Amino acid sequence: MKIFDREQIYQIDKQTIQNQNITQDELMERVGTRLFAWLDEQLPSTDQKIVLFCGVGNNGGDGLVLARLLLLKGYEVTVHVVNFGEGRTEGFLKNLDRLKENKLWPNFISEDSDFPTLQENEIVIDAIFGIGLTRSLSPWVASLVKHINKQAAYVIAIDVPSGLFLDKFPDDEEAIIQANFTVSFQLYKLIFFLPQTAKYIGGLRLLNIGLDAEAIHKSMASKFLMSKNDVLPLYRNRAKFSHKGSYGHALVVGGSYGKIGCVSLSSKAALRTGVGKLTALVPSCGYQILQTSVPEAMLVTSNLENELNAENIDFIPDVVCFGMGAGTGENAYITLLNLIEDTKNPMLIDADGINLLAKHPGLIEKLPEKTILTPHPGELTRLLGTWTDDFDKLEKCKTFSKTHKVIIVLKGAHTIVVAEDNLYVNTTGNPGMATAGSGDVLSGVITALLAQQYDPLMASILGVYLHGKAGDLVAQQNGYEALIASDIIAYMGKAFISLFQEEQKPAKEA
């Protein structure tokens with residue numbers, strides 16, 4: 001599913017008007033009507049008090065349509081026009097006149113106005129700016145936004161919370177509407193999924209407003225939201241007469257004294273995700289642990305008791321997964337260097353492997369093309385340096401991906417796979433997965449898919465989705481707090497099965 005930028009959205013709106021032979025005014029009426037139908041369905045009665053804050057652009061025009069329809073249905077409606085400029089759009093002016101024709105005169109708020117007090121039992125509709133905002137709010141409008149946030153009312157934002165940009169984070173993070181719920185229109189925006197901006201969205205609902213399907217289809221995108229329907233085509237069926245050699249031999253390398261469990265988790269996850277054969281390379285101190293905890297794995301130990309070396313590897317694996325618990329000392333560095341020089345296939349580098357790349361930048365130039373890096377935020381900082389906001393972070397990741405021909409898996413609430421200029425945003429996962437070992441499991445999952453000859457990008461996207469889905473299935477049974485990394489492994493089979501199950505729709509109330 002495509003995620004579009006501001007100009008692309010404007011272009012799709014324009015093509016919808018042209019291809020469907022409608023006017024901008026008719027499209028605005030359609031938007032307001034869908035908003036009204038959704039809100040009216042949510043509310044138990046027309047006794048609800050609704051306060052709308054409308055800007056003087058098209059987002060404000062959408063709000064005025066909604067206000068008129070609510071008024072006609074019998075709701076108690078108050079409209080405040082945020083009079084922040086003289087550049088009023090035609091859609092705003094037309095719908096302002098229609099509102100007045102229905103005997104509702106808005107209150108105009110300007111720089112010298114007192115701000116209205118909002119009650120806890122009121123619903124506030126934010127229709128001030130929408131996606132059109134491109135510069136910082138003027139001081140008095142910023143003060144109004146902060147005033148709204150301090151009130152106890154329930155806030156619903158139309159399209160996006162006012163104060164947010166689509167392509168950068170505002171200078172004043174308090175001058176952003178803190179929505180309880182956001183109702184947007186048919187097309188996803190990247191800000192719905194980034195840590196810095198998503199916290200302002202609240203709940204999210206996309207309404208279908210009949211945008212032109214051909215225009216959406218033909219519009220090129222570099223950002224994608226990966227839902228079940230998007231990842232299902234990536235899955236590859238197993239042949240009936242296949243054998244373990246058909247599904248690859250993975251080498252999982254990591255561990256040091258006190259950190260052997262992470263290699264166990266990655267190895268188990270790879271086996272649960274379908275790798276044909278798996279060998280783990282760990283320091284000698286991990287021998288009994290791995291032999292006991294992962295009996296399905298073969299085991300190679302280093303000549304060192306508590307650290308890695310790769311001297312005992314006497315086979316060529318299909319894929320190498322390196323890093324979890326490895327440490328960043330000289331022996332770990334030499335081990336990684338030898339592994340990189342001995343393989344031509346894409347690798348997966350995680351945890352201390354990424355820290356070693358940051359510590360020894362020359363290693364990066366030696367990585368096989370399409371190697372997958374799976375950093376958490378701290379590891380990413382060591383690799384790329386600091387960033388100004390989430391948008392800058394993504395730009396730095398794209399540059400790094402293009403320069404070094406690698407894939408970066410940015411782990412988080414919405415894990416994002418970065419492949420050169422393209423971003424793939426995951427839709428599965430939950431807060432319970434913020435637990436020790438979850439990242440080790442993800443590394444094992446993606447490694448298994450690589451071993452089974454999935455393209456590295458496809459392995460990353462599908463692996464991230466399945467990992468998150470397994471975590472969601474665990475959370476449904478056990479809740480967030482009780483979720484541990486081993487549970488994600490245990491539910492991996494159910495995550496695969498869920499790809500082919502119909503989504504259960506909630507039963508309608510009588």
Side-chain angles (χ1 to χ4, degrees), residues 28-43 45-85 88-89 91-110 113-133 137 141 143-164 176-185 200 202-203 205 207 209:
M28 187 172 288
E29 188 73 16
R30 186 190 295 178
V31 169
T33 300
R34 288 291 292 116
L35 279 168
F36 165 75
W38 175 83
L39 184 58
D40 186 47
E41 186 179 2
Q42 310 308 309
L43 299 177
S45 74
T46 56
D47 294 334
Q48 177 64 55
K49 296 180 180 180
I50 302 175
V51 181
L52 296 96
F53 289 85
C54 299
V56 295
N58 284 343
N59 192 246
D62 295 336
L64 294 177
V65 176
L66 173 61
R68 169 167 45 87
L69 296 175
L70 289 167
L71 180 69
L72 293 174
K73 183 67 183 284
Y75 287 94
E76 185 176 339
V77 178
T78 301
V79 176
H80 300 286
V81 172
V82 183
N83 198 22
F84 55 76
R88 303 178 180 188
T89 65
F92 168 82
L93 292 171
K94 281 185 177 181
N95 284 291
L96 181 62
D97 289 340
R98 289 168 185 159
L99 198 61
K100 292 177 179 178
E101 289 169 3
N102 284 278
K103 311 303 181 187
L104 198 163
W105 280 265
N107 169 47
F108 280 75
I109 301 176
S110 58
S113 302
D114 293 330
F115 299 150
T117 300
L118 305 171
Q119 304 301 318
E120 186 175 0
N121 63 340
E122 293 176 330
I123 290 178
V124 170
I125 305 295
D126 162 32
I128 304 174
F129 289 111
I131 68 171
L133 187 65
L137 304 185
V141 177
S143 296
L144 173 62
V145 167
K146 294 174 185 179
H147 171 78
I148 294 172
N149 286 340
K150 290 178 182 177
Q151 307 299 300
Y154 188 90
V155 180
I156 298 174
I158 294 179
D159 211 4
V160 301
S162 292
L164 279 179
I176 304 168
I177 288 290
Q178 182 66 65
N180 298 97
F181 207 92
T182 298
V183 184
S184 198
F185 309 119
Y200 298 96
R205 175 66 185 271
L207 300 180
I209 57 170

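By convention here, the first residue in the shown sequence is residue 1. Everything numeric in this text was worked out from a predicted model, so none of it was measured.
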Quiz prompt | Closest non-hydrogen atom pair, S162 against D126 | solution = OG-OD1, 2.6 Å
Quiz prompt | Exercise: identify the closest heavy-atom pair between C54 and V79 | solution = SG-CG1, 4.2 Å
Quiz item: Any side-chain heavy atom of L99 sitting closer than 4.5 Å to one from P106?
Solution: yes
Practice problem: For residues D62 and M28, report the shortest heavy-atom separation together with the two atoms involved. | Solution: OD1-CG, 3.2 Å
Practice problem: Could you grab the distance from atom OG of S45 to atom OH of Y75, nearest 0.5 Å is fine? | Solution: 7.0 Å
Quiz prompt | Separation of F36 CZ from L71 CG (nearest 0.5 Å) | solution = 10.5 Å
Quiz item: Are R68 and E29 ion-paired here, with the side-chain N under 4.0 Å from a carboxylate O?
Solution: yes
Exercise. Identify the two heavy atoms, one from T89 and one from G57, that lie closest to each other, and give their separation to 0.1 Å.
Key: OG1-C, 3.4 Å
Practice problem: Determine yes or no for a side-chain-to-main-chain donor-acceptor pair under 3.5 angstrom, with Q178 supplying the side chain and K150 the backbone. | Solution: no
Quiz item: Taking everything shown except K49 itself, do over 12 heavy atoms lie less than 6.0 Å from its NZ?
Solution: no
Practice problem: With the side chain counted from C-beta on, respond yes when L35 and I158 share a heavy-atom pair under 4.5 Å apart, and no when they do not. | Solution: yes
Quiz item: Should L164 and L133 be marked as a side chain to side chain contact (heavy atoms under 4.5 Å, CB included) after you check the CA-CA gap, both sets of side-chain angles, and the distance that decides it?
Solution: CA-CA 7 Å; L164 279 179; L133 187 65; over 6 Å; no
Exercise. Could you walk me through whether L39 and I125 pass the side chain to side chain contact (heavy atoms under 4.5 Å, CB included) test, one step at a time?
Key: CA-CA 10 Å; L39 184 58; I125 305 295; 4.2 Å; yes
Self-check item: With sequence neighbours excluded, residues passing ring-ring contact (aromatic ring centres under 6.0 Å, His included) with F115
Solution: H147
Exercise. Determine whether I128 and F84 make a side-chain contact, defined as any pair of heavy atoms from C-beta on separated by less than 4.5 Å.
Key: yes
Self-check item: Atom of A179, atom of A157 and distance for their closest heavy-atom approach
Solution: CB-CB, 3.9 Å
Quiz item: Taking atom OG of S113 and atom CG of L144, what is their separation to the nearest 0.5 Å?
Solution: 9.5 Å
Quiz item: At their closest point, which heavy atom of G32 faces which heavy atom of L69, and how far apart are they?
Solution: O-CD1, 3.8 Å
Exercise. Given side chain to side chain contact (heavy atoms under 4.5 Å, CB included), test E76 with D47 step by step and report yes or no.
Key: CA-CA 7 Å; E76 185 176 339; D47 294 334; over 6 Å; no
Practice problem: Find out whether L43 and I50 are in side-chain contact, i.e. whether some heavy atom of one side chain is under 4.5 Å from a heavy atom of the other. | Solution: yes
Quiz prompt | side chain to side chain donor-acceptor pair (under 3.5 Å) contacts in which one or both residues fall within residues 96-109, not counting sequence neighbours | solution = D25-R98, H80-N107, N95-R98
Practice problem: Side-chain contact test, heavy atoms from C-beta onward, threshold under 4.5 Å: evaluate it for N149 versus I177 and give yes or no. | Solution: yes
Quiz prompt | Reported CD1-to-OG1 distance for the pair I209 and T33, which is rounded to 0.5 angstrom | solution = 11.0 Å
Quiz item: Taking side chain as C-beta onward, heavy atoms only, is L52 less than 4.5 Å from V77?
Solution: yes
Quiz prompt | Distance in Å, L70 CG paired with D40 CG, rounded so as to fall on 0.5 Å steps | solution = 7.5 Å
Exercise. Determine, stepwise, if the pair F53 / L118 fulfils side chain to side chain contact (heavy atoms under 4.5 Å, CB included).
Key: CA-CA 12 Å; F53 289 85; L118 305 171; 4.1 Å; yes
Self-check item: Point-to-point distance, once rounded to the nearest 0.5 Å, from CG of L96 to CG of L104
Solution: 10.0 Å
Exercise. State, with a plain yes or no, whether a side-chain heavy atom of P161 is found less than 4.5 Å away from one of T182.
Key: yes
